[in-house]
Amino acid sequence: MPLILGPDALAPVTLDRREGPYGEVVLRRRGDDFEIIANGCFLMDTSDGRSERLLIDAALAALPAGRPAPAVLIGGLGVGFSLARAAAEPRWGRITVAEREQAIVDWHLDGPLAGISGAALADPRTAVLTTDLVAYLRTTTDRYDALCLDIDNGPDWTVTEDNGNLYSPAGLADCHARLTPGGVLAVWSAQPSAEFEQALRNAGFRGVRTEEVGVARGVPDVVHLAIRAD
């Protein structure tokens, strides 16, 4: 007799819930997948990581050919797909992750998400900064060949109000300043944004384009790409 699953078979199970400086963050398991919820807003899960991997692959492909050991800053650790993809690519020379939620870092270091990111975190090229991405871009003097940013559901759907500063003229100017000449800005989004594309052009980026990737839920995710002019 076949197994008949009840309506609550895939109901989420809360594994950890913490109150951090930016509000509540929750790790849940739904079947075989994990989900991260911030202030009641679904951020991401482990069901389909194609768009998070595209964030890294598209940035590397857009860099000038032959650039040796490029440095990448990943904004947002999330469920770890982007970091794992970067660490699997030997061409990256330095991999830095900015994640403001200590809970998320803990879930990767010794929690349920370690299976995704464990090898990447052990890679000697990898460094994790527990810091707010927007503040870090504004204050650091470090420079990168690629910024791969995935801290919201997109420029038009931010997790917290302060994150909107990242997509403002001042925030995009900070991104521009943190890139080496010819460096690439890649921004994940749940949907295309023509307004954000124009904002990138207004901030002095060239080669602005959007790449779509089909995902399991049916609505394509996108990666906005832009290049710092020399």
Side-chain angles (χ1 to χ4, degrees), residues 36 38 41-65 67 70-89 91-92 95-99 116-117 120 133-134 137 144-159 163-168 171-176 178-180 182-229:
I36 295 178
C41 177
F42 174 88
L43 283 187
M44 59 183 63
D45 63 17
T46 58
S47 65
D48 190 335
R50 282 176 287 176
S51 58
E52 290 92 336
R53 297 180 184 106
L54 174 65
L55 184 69
I56 301 298
D57 293 346
L60 185 59
L63 282 172
R67 180 168 294 203
V72 58
L73 172 67
I74 300 173
L77 180 55
V79 294
F81 285 140
S82 294
L83 171 59
R85 189 67 159 198
E89 173 52 66
R91 283 179 290 174
W92 291 113
I95 303 168
T96 303
V97 180
E99 172 55 60
I116 296 173
S117 59
L133 173 68
V134 179
L137 291 172
Y144 297 90
D145 299 290
L147 305 179
C148 297
L149 311 184
D150 181 8
I151 64 170
D152 293 301
N153 285 318
D156 302 323
W157 187 0
T158 60
V159 175
N163 279 2
N165 294 327
L166 177 64
Y167 314 105
S168 70
L172 293 178
D174 291 335
C175 291
H176 195 278
R178 299 280 59 79
L179 285 168
T180 58
V184 178
L185 173 63
V187 179
W188 187 96
S189 180
Q191 60 187 15
S193 174
E195 182 178 348
F196 183 59
E197 287 188 345
Q198 187 56 51
L200 289 167
R201 296 185 183 97
N202 293 343
F205 288 96
R206 60 178 175 84
V208 176
R209 68 182 191 276
T210 299
E211 293 193 17
E212 292 189 0
V213 57
V215 292
R217 60 185 172 83
V219 180
D221 292 335
V222 305
V223 173
H224 294 288
L225 292 160
I227 299 172
R228 172 180 165 152

Listed partners of Y167 passing ring pair (Phe, Tyr, Trp, His ring centres under 6.0 Å), at least two apart | F196
List the atom of I151, the atom of G75, and the distance in Å for their closest heavy-atom pair.
-> CG2-O, 3.4 Å
Could you go through residues 77-85 and list every donor-acceptor pair under 3.5 Å that involves a side-chain atom there, pairing it with any protein atom two or more places apart or in another chain?
| residue | atom | partner | partner atom | Å |
| --- | --- | --- | --- | --- |
| S82 | OG | E52 | O | 2.9 |
| R85 | NE | D57 | OD1 | 3.1 |
| R85 | NE | D57 | OD2 | 3.0 |
| R85 | NH2 | D57 | OD2 | 2.8 |

Walk me through it: do I74 and I56 pass the test side-chain contact (heavy atoms from CB on, under 4.5 Å)?
-> CA-CA 9 Å; I74 300 173; I56 301 298; 4.0 Å; yes
Inter-residue atom distance L172.CG - N165.CG, 0.5 Å rounding = 11.0 Å
Please examine the side chains of V213 and V223, heavy atoms only from C-beta on, and report whether any two atoms are closer than 4.5 Å.
-> no
Around R91, counting heavy atoms of other residues, nucleotides and ligands shown, do more than 12 lie under 6.0 Å from its CZ?
-> no
Just jot down the salt bridge (Lys or Arg N to Asp or Glu O under 4.0 Å) partners of D150, sequence neighbours excluded, or say none.
-> none
Taking C-beta and beyond as the side chain, do L73 and L133 meet within less than 4.5 Å on heavy atoms?
-> yes
Contact check, side chains of L166 and L137, non-hydrogen atoms, under 4.5 Å = yes
Identified side-chain contact (heavy atoms from CB on, under 4.5 Å) partner of L200 from the options L185, L225, I227, V187 = L185
Can you name the closest pair of heavy atoms from G182 and P64 and give their distance?
-> O-CD, 3.6 Å
Do S189 and T210 pass the side-chain contact (heavy atoms from CB on, under 4.5 Å) test, and can you show the C-alpha distance, the side-chain angles, and the key distance before you say yes or no?
-> CA-CA 10 Å; S189 180; T210 299; over 6 Å; no
Side-chain heavy-atom pair P70, V184 within 4.5 angstrom cut-off = no
Are side-chain heavy atoms of L54 and E211 found at a separation under 4.5 Å?
-> yes
Hey, are the side chains of L60 and V72 touching, using non-hydrogen atoms and a 4.5 Å cut-off?
-> no
